[in-house]
Every structure is written in structure tokens, then in C-alpha cells.
Amino acid sequence: MLKVLLAGAVIMGVLVGWIMVQQMAREFARRHPEFGPYQEKRGCGGNCSCSGGSSCKR
């Protein structure tokens, strides 16, 4: 039972950490407009059969 609770806590910690990293990146982009706008990674992430520059069909 302890392992299940620990695994859940680790997963939640990683998710919260990733949200914090995204917020920090957005804030950095807001404070430093000379580097361009913050661009979030969108799309399939390379796990589909996209070829070259074509976009994924969802």
C-alpha cells in the first residue's frame, strides 16, 4: 500500500513540477520580449506517422 501511495505522490509531483516549469518559461518570455514569444510544443510529438514537414491528422 505504501508503494501505491508513493507512486501516486511521485507522479503528482512530476506533473506539478512540469506545470511550474511551463509557468516559469511563460514568465521569462513575458519579461524578455527580445527573444520572441513563448511557443508551446503542440501536435503529436513525433509519435505518429507524420513525414517531414507535414502535420498530423487528428
Side-chain angles (χ1 to χ4, degrees):
M1 183 66 181
L2 180 63
K3 287 183 181 181
V4 172
L5 293 174
L6 182 61
V10 167
I11 290 171
M12 291 303 293
V14 168
L15 291 175
V16 168
W18 181 246
I19 291 170
M20 290 174 62
V21 166
Q22 286 181 325
Q23 284 298 112
M24 289 170 36
R26 288 183 190 114
E27 182 64 23
F28 182 84
R30 187 186 66 76
R31 285 185 281 128
H32 299 280
E34 65 271 15
F35 295 126
Y38 175 67
Q39 296 180 356
E40 293 190 27
K41 189 87 167 170
R42 300 207 184 260
C44 65
N47 293 330
C48 65
S49 60
C50 297
S51 61
S54 68
S55 62
C56 295
K57 306 289 188 264
R58 291 186 182 222

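Hydrogens, waters and symmetry mates play no part in the numbers below; they use all other heavy atoms, side chains included.
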For this session: Kindly give the heavy-atom pair with the smallest separation between G36 and A29, and that separation in Å.
Result: O-CB, 4.4 Å
Exercise. Given a cutoff of under 4.5 Å between side-chain heavy atoms of I, L, V, M, F, W and Y, with clusters grown through shared members, what are the other residues clustered with M24?
Worked result: none
Exercise. With a cutoff of under 4.5 Å between side-chain heavy atoms, which Ile, Leu, Val, Met, Phe, Trp and Tyr residues group with V4?
Worked result: none
Problem set entry | More than 12 heavy atoms of other groups within 6.0 Å of Q23 CD | yes
Exercise. For E27, what residues pass the side-chain hydrogen bond (donor to acceptor under 3.5 Å, both in side chains) criterion, not counting sequence neighbours?
Worked result: R30
